[in-house]
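Notes follow once the structure below has been shown.
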Amino acid sequence: MIITIDGPAGTGKTTVAKRVAQGLHFSYFDTGAMYRSVTWAIIEKNISLSDLDSLQKLLEELSFHIKEVDHQKRYFALGKDLTEEIRTQKVTARVSEVAALKPVRDSLKVIQRAFAAHGDCVFEGRDMGTVVFPEADFKVFLTARPEVRAQRRLDELLSKMPEEARNLDHDKILQDLMRRDEIDSTRELAPLRCPEDALKIDTSDLSIDEVVEKILNNIKDKFPSRSV
Ligand code: DC
């Protein structure tokens, strides 16, 4: 069974997807981490986004994989643990441009579909329900007001990466979110869009517990024989 959870940054997607996966005993995949890892490698190797040969070579060498350490997912590419580095502002500022490139999307789509062969999974991203798994068993689309999303992102940075948050404030983060939304939702390939058949939830005034409960209840209603 495949569950997709799409939506823009700051809607609570990652936490919700993890909790839904736990509740169902499913595997969980954060596909944004994959786009971030490619972006990190492009910056590290100083590859120009117009240099398609070097980009293709990088994608072939990338060998992206995920390891579970102490119940936490760790993301590896090019033999390096990138779990923390992919969350830095340096990567965040460039990831939307990288995610708009066809060779990048094509190659990550193959990896994402291969992950699905492992069995029951929750996939979180921007195009999971529309492009990568259009036949998914259950689709969710999360939204939230932009100011709420910016505040959540700031709180997250302050608690997890205070160094990164030092030069940022609510307005700067809001501007960056709006710029990324614009690129992610207007790009030609796999733009961020709510799948027609998705359960749409505005998380602005809901707790994580309420969002998770809503999703699990809807899954239970659709698949009554599954123990949720
Ligand atoms: O969820 P996130 O902020 O970690 O995602 C980082 C970027 O990756 C985001 O700006 C859009 C892109 N992305 C995408 O284009 N398709 C996905 N399935 C997941 C993420």
Side-chain angles (χ1 to χ4, degrees), residues 2-9 13-14 17-18 21 27-69 72-119 121-136 139 164 176-177 179-193 195:
I2 291 182
I3 296 172
T4 61
I5 304 187
D6 291 303
K13 245 179 331 139
T14 303
K18 269 187 203 162
S27 304
Y28 150 76
F29 294 98
D30 168 3
T31 61
M34 301 166 88
Y35 286 94
R36 287 173 178 273
S37 300
V38 174
T39 306
W40 175 86
I42 286 172
I43 297 170
E44 179 75 6
K45 292 186 168 260
N46 207 7
I47 294 172
S48 153
L49 299 190
S50 55
D51 180 356
L52 294 184
D53 287 344
S54 301
L55 194 60
Q56 197 58 51
K57 193 160 166 274
L58 174 77
L59 290 166
E60 280 157 23
E61 292 170 357
L62 197 68
S63 63
F64 178 84
H65 66 276
I66 303 171
K67 261 193 214 162
E68 187 118 8
V69 181
Q72 246 214 324
K73 297 241 176 192
R74 312 252 355 143
Y75 298 92
F76 292 77
L78 298 172
K80 200 170 159 5
D81 182 344
L82 300 176
T83 315
E84 275 81 33
E85 283 188 68
I86 56 174
R87 305 287 161 199
T88 59
Q89 204 50 31
K90 189 174 88 174
V91 171
T92 302
R94 294 201 55 201
V95 64
S96 282
E97 284 142 78
V98 172
L101 301 172
K102 182 167 167 48
V104 174
R105 299 208 76 81
D106 286 349
S107 110
L108 293 190
K109 187 161 67 181
V110 171
I111 302 175
Q112 288 154 4
R113 287 189 175 155
F115 280 149
H118 291 296
C121 307
V122 176
F123 283 90
E124 175 229 323
R126 300 291 190 288
D127 62 339
M128 294 296 105
T130 50
V131 174
V132 181
F133 301 110
E135 310 295 332
K139 301 179 186 179
E164 284 288 310
D176 181 57
L177 276 183
R179 187 187 67 88
R180 285 209 287 147
D181 279 3
E182 172 73 14
I183 303 177
D184 293 342
S185 50
T186 58
R187 69 183 174 215
E188 202 174 315
L189 293 165
L192 171 66
R193 207 160 277 165

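Side chains included, hydrogens not; waters and symmetry mates left out as well; all remaining heavy atoms used.
- Of all non-hydrogen atoms in Q56 and P103, the two that sit nearest each other are OE1-CB, 3.6 Å.
- In this structure, T130 OG1 and R193 CZ are separated by 8.0 Å, a value rounded to the nearest 0.5 Å.
- The closest side-chain heavy-atom distance from L58 to L78 is below 4.5 Å.
- Going from atom CD of Q112 over to atom SG of C121 covers 11.5 Å, rounded to the nearest 0.5 Å.
- The shortest distance between side-chain heavy atoms of Y35 and V98 does not fall below 4.5 Å.
- Considering only residues two or more places apart in sequence or on other chains, D127 meets the salt bridge (Lys or Arg N to Asp or Glu O under 4.0 Å) condition with R105.
- Between D106 and K102, at least one side-chain nitrogen of the basic residue sits less than 4.0 Å from a carboxylate oxygen of the acidic one, meeting the salt-bridge criterion.
- Counting heavy atoms from C-beta on, the side chains of Y28 and I3 never come closer than 4.5 Å.
- The backbone N or O of D6 lies less than 3.5 Å from no partner atom in the side chain of K139, so there is not a single donor-acceptor pair.
- Side-chain contact between L82 and R36 is absent, with no heavy atoms from C-beta onward closer than 4.5 Å.
- In this structure, M128 and I5 have side chains that are not in contact, with every pair of non-hydrogen atoms separated by 4.5 Å or more.
- Summarising the geometry of A21 relative to S27, their closest heavy-atom pair is CB-O, 4.1 Å, with the distance given to 0.1 Å.
- Of all non-hydrogen atoms in A100 and R187, the two that sit nearest each other are CA-CD, 4.0 Å.
- Closest approach of I111 to F64, counting heavy atoms only: CD1-CB, 4.5 Å.
- Within the structure, the salt bridge (Lys or Arg N to Asp or Glu O under 4.0 Å) test picks out the following pairs touching residues 77-88 (sequence neighbours left out): D30-R87, R74-D81, R74-E84, K80-E85.
- Looking at V38 and I42, their side chains come closer than 4.5 Å, going by heavy atoms from C-beta outward.
- Judged purely by atom type and a 3.5 angstrom limit, E164 has no side-chain atom pairing as donor or acceptor with the backbone of T88.
- Using a 4.0 Å cut-off between charged side-chain N and carboxylate O, E97 and R179 make a salt bridge.
- Across all their heavy atoms, P8 and K13 have their closest contact at O-CE, 3.6 Å.
- The 12-atom threshold is exceeded at CD of E68, counting heavy atoms of other residues, nucleotides or ligands nearer than 6.0 Å.
- The NZ atom of K90 lies 11.0 Å from the OG1 atom of T92; values are rounded to the nearest 0.5 Å.
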Evaluate the side chain to side chain contact (heavy atoms under 4.5 Å, CB included) criterion for residues T83 and Q72: first the C-alpha distance (whole Å), next the side-chain angles of each, then the deciding distance (0.1 Å), finally the verdict. CA-CA 10 Å; T83 315; Q72 246 214 324; 5.9 Å; no

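- Using a distance-only test at 3.5 Å, with no hydrogens or angles considered, no donor-acceptor pair links the side chain of S185 to the main chain of L192.
- For the pair K73 and F29, the distance from NZ or CZ to the six-membered ring centre is under 6.0 Å and the angle to the ring normal is within 45 degrees.
- Between I2 and A116, the shortest heavy-atom distance links the atoms CD1-CB, 3.7 Å.
- For the pair R113 (side chain) and V132 (backbone), a donor-acceptor distance under 3.5 Å is present.
- In this structure, CD on E60 lies 10.0 Å from CG on L55, to the nearest 0.5 angstrom.
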Report all side-chain donor-acceptor pairs from residues 43-50 shorter than 3.5 Å, counting only partners two or more places apart or in another chain.
unit_1, atom_1, unit_2, atom_2, d
S48, OG, S50, N, 3.2
S48, OG, S50, OG, 2.9

